[in-house]
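Take a look at the structure below.
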Amino acid sequence: MPELPEVETISRILRPKLMGRTILSAQVRWSGTIAFPSVRTFRRTIAGQQIREVGRRGKFLRLQLSEYDLLIHLRMSGDVELREPNGRFKLHDRLILRLTARGGRANVPGIGRGPRNRRESKSTLVFNDTRKFGRVWLTRNMDEVLGRLGPEPLGRAFTADWLYEGVHARRRQLKPLLLDQAFIAGLGNIYTDEALHLAKLHPLKISNTLSRAQVVRLHDAIRATLREGIRRNGASIDWVYRGGDFQNHFRVYDRAGQPCPVCGTTIVRLVVGQRGTHICPHCQRG
DNA sequence: CTGGCTCCCTGAATGC
DNA sequence: TGCATTCAGGGAGCCA
C-alpha cells in the first residue's frame with residue numbers, strides 16, 4: 001500500500017516524463033475516482049492544462065498544472081503509470097489522461113491551434129486502482145485538500161524538538177498518533193511498524209510518557225526508515241509493483257512468527273487501532 | 001480530546 | 001473441485 005516512500009518513488013519516476021506535457025482530455029472510467037469537482041467539470045477543466053511540476057505531499061501525488069493542482073491519493077491499491085496508448089484498457093483502470101508528446105504542443109479541440117499531428121508520440125497517464133479507494137482532486141486551492149496535513153517527516157520542520165512538543169501535547173497511543181496524517185504526513189502501517197521497532201518503542205505506549213531520549217530515537221527511526229524505503233524504491237506488495245525492494249528488508253512488518261533481526265525473539269502480530277501491528281515483544285516492551 | 005467502530009472495495013486465503 | 005465466508009487496509013465519519 002503506497003506510503004510516503006512509494007509515492008515519492010512514483011513521483012520521481014513520473015516527473016521527468018511528464019514535465020511540460022499538456023493534458024488533452026480525460027476519460028473517467030469510474031466516476032467515484034473523482035473526489036472533486038464533478039466528473040463533468042473535471043473533464044472540461046483539465047483539458048488544455050499543462051503539467052508544470054510533479055511532486056508529493058504526504059501520501060498525495062501532486063501534479064501542478066497551469067491553473068490547477070491535480071492531487072492523487074492512491075490509498076490501498078492505487079497506481080499511476082505512463083503508458084503508450086494502444087487503445088486497450090487494463091482491468092481496474094479508473095482514470096485515463098491523454099497527453100501530448102514530450103514537449104509537444106497542446107492540440108485540444110477548441111483550444112489548441114493548428115492541425116492535428118498524427119505522428120506525434122502521445123501517451124496516456126493512467127490511474128489504476130483495484131480497490132476503488134483512491135481519489136483524485138482537481139482544485140485551484142490545494143489547501144482545501146492538503147491543509148490539515150502535518151509536517152513532512154523528511155522536511156526541515158520535523159525536528160526532534162518539534163516531535164517532543166507534539167507527542168507531549170497529546171495523550172495518545174503511539175501508533176495511531178503516527179498514523180494520523182494531521183500529526184505527521186506520510187506514515188502508513190508498514191513504515192510505522194518498522195520505525196517503532198527501530199526505535200524500540202511499543203505501539204501502545206502513551207505519547208506524552210516518552211522521554212527525551214525516546215523521542216530522539218523515534219525521530220531518527222522515522223527518518224531512517226523512510227529514507228531506506230525511498231532508497232529501495234519503496235515496498236512492492238499487494239497489487240502495486242514498482243520494482244521496489246523494501247519488502248525484502250522488513251524488520252517486523254508481515255513477519256509474525258519469524259525471528260526479530262535484532263534479538264531473535266519471535267515476532268508477534270497484534271491489533272492496534274484496528275490495524276495489524278507487528279512487534280518484537282522483547283525489543284519493544286510496553 | 002481520545003478511541004472504537006463502520007464503511008468503502010476487491011482479491012487472496014481459508015473453511016466446509 | 002467448487003462455493004461461501006473472512007480478512008486486510010487508508011481515511012472519513014459517527015458515536016461514546
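Computed from heavy atoms alone, side chains included, the values below leave out hydrogens, waters and symmetry copies.
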Practice item. With sequence neighbours excluded, give me every ring pair (Phe, Tyr, Trp, His ring centres under 6.0 Å) pair touching residues 2-59 of chain A. Key: none
Exercise for review: Check the side chains of A:Arg56 and A:Ser11 for a donor-acceptor pair under 3.5 angstrom, ignoring hydrogens and angles.
Suggested key: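 Judged by distance alone, the side chains do not pair up.
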**Study point:** Distance-only side-chain donor-acceptor flag, A:Arg21 / A:Ser123, under 3.5 Å
**Key:**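 Judged by distance alone, the side chains do pair up.
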Kindly give the cluster partners of [X], where membership spreads through any ILVMFWY side chain lying under 4.5 Å from a current member.
X	answer
A:Phe89	A:Ile96, A:Val126
A:Val252	A:Ile267
A:Leu270	A:Leu204, A:Val268, A:Val272, A:Ile279

Between N or O atoms, less than 3.5 Å apart, protein on one side and nucleotides 10-13 of chain C on the other: list the pairs.
residue : atom : partner  : partner atom : Å
C:dG10  : OP1  : A:Asn189 : N            : 3.4
C:dG10  : OP2  : A:Arg275 : NE           : 2.9
C:dG10  : O3'  : A:Lys59  : NZ           : 3.4
C:dG10  : N7   : A:Arg275 : NH2          : 2.5
C:dG10  : N2   : A:Arg75  : NH1          : 3.2
C:dG11  : OP1  : A:His73  : NE2          : 2.6
C:dG11  : OP2  : A:Lys59  : NZ           : 2.8
C:dG11  : OP2  : A:Gln181 : NE2          : 3.4
C:dG11  : N7   : A:Arg275 : NH2          : 3.1

Over how many whole Å does the gap from [X] atom [atom1] to [N] atom [atom2] extend?
X	N	atom1	atom2	answer
A:Asn128	B:dG11	CG	P	11 Å
A:Tyr253	C:dA8	OH	P	10 Å
A:Asp180	C:dG9	CG	P	18 Å
A:Gln274	B:dT2	CD	C1'	12 Å
A:His278	C:dA8	NE2	P	9 Å

Exercise for review: Taking all heavy atoms of A:Arg217 and all of A:Lys200, pick out the closest pair and write down the distance.
Suggested key: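 Of all heavy-atom pairs spanning A:Arg217 and A:Lys200, the closest is NH2-O, 3.4 Å.
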Point to revise | Residues that A:Arg40 engages under salt bridge (charged side-chain N to carboxylate O under 4.0 Å, His left out), provided they are two or more places apart | key: none
Review point. Among all residues two or more places apart in sequence or in another chain, which pass the salt bridge (charged side-chain N to carboxylate O under 4.0 Å, His left out) test with A:Glu165?
Key: none
Revision key, fill the gap. Note: contacts of residues 167-178 of chain A with DNA chain B (heavy atom, under 4.0 Å) are A:Arg170, A:Arg171, A:Arg172, A:Gln173
Review point. Which of residues 194-211 of chain A sit near DNA chain B, with a heavy atom under 4.0 Å from it?
Key: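 Here the set is empty: none.
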**Study point:** Salt bridge present between A:Glu81 and A:Lys90 (N-O < 4.0 angstrom)
**Key:** yes
Check your understanding: Would A:Asp69 and A:Arg62 pass as an ion pair if we require N to O under 4.0 Å?
Key -> yes
Review point. Side-chain N or O of A:Arg269 less than 4.0 angstrom from OP1 or OP2 on C:dA8?
Key: yes
Practice item. Kindly say if A:His92 contacts the phosphate of B:dG11, meaning a side-chain N or O under 4.0 Å from OP1 or OP2. Key: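 For A:His92, the contact criterion (side-chain N or O under 4.0 Å from OP1 or OP2 of B:dG11) is met.
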Check your understanding: A:Arg135 near the nucleic acid: base, sugar-phosphate alone, or nothing, with a heavy-atom cut-off under 4.0 Å?
Key ->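 A:Arg135: no heavy atom of the nucleic acid under 4.0 Å.
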Study note, to complete from the structure: Sorted by chain and residue number, the side-chain hydrogen bond (donor to acceptor under 3.5 Å, both in side chains) partners of A:Gln181 (sequence neighbours excluded) come out as none
Review point. What is the bend of the helix from B:dT2-C:dA16 to B:dC16-C:dG2 when you compare the axis at one end with the axis at the other, using five pairs each and rounding to 10°?
Key: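 End-to-end axis angle for the helix from B:dT2-C:dA16 to B:dC16-C:dG2: 60°, rounded to 10°.
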Below 3.5 Å, can you tabulate the donor-acceptor pairs from side chains in residues 141-148 of chain A to any protein atom, sequence neighbours excluded?
residue  : atom : partner  : partner atom : Å
A:Asn141 : OD1  : A:Asp143 : N            : 3.3
A:Asn141 : ND2  : A:Glu144 : OE2          : 3.4

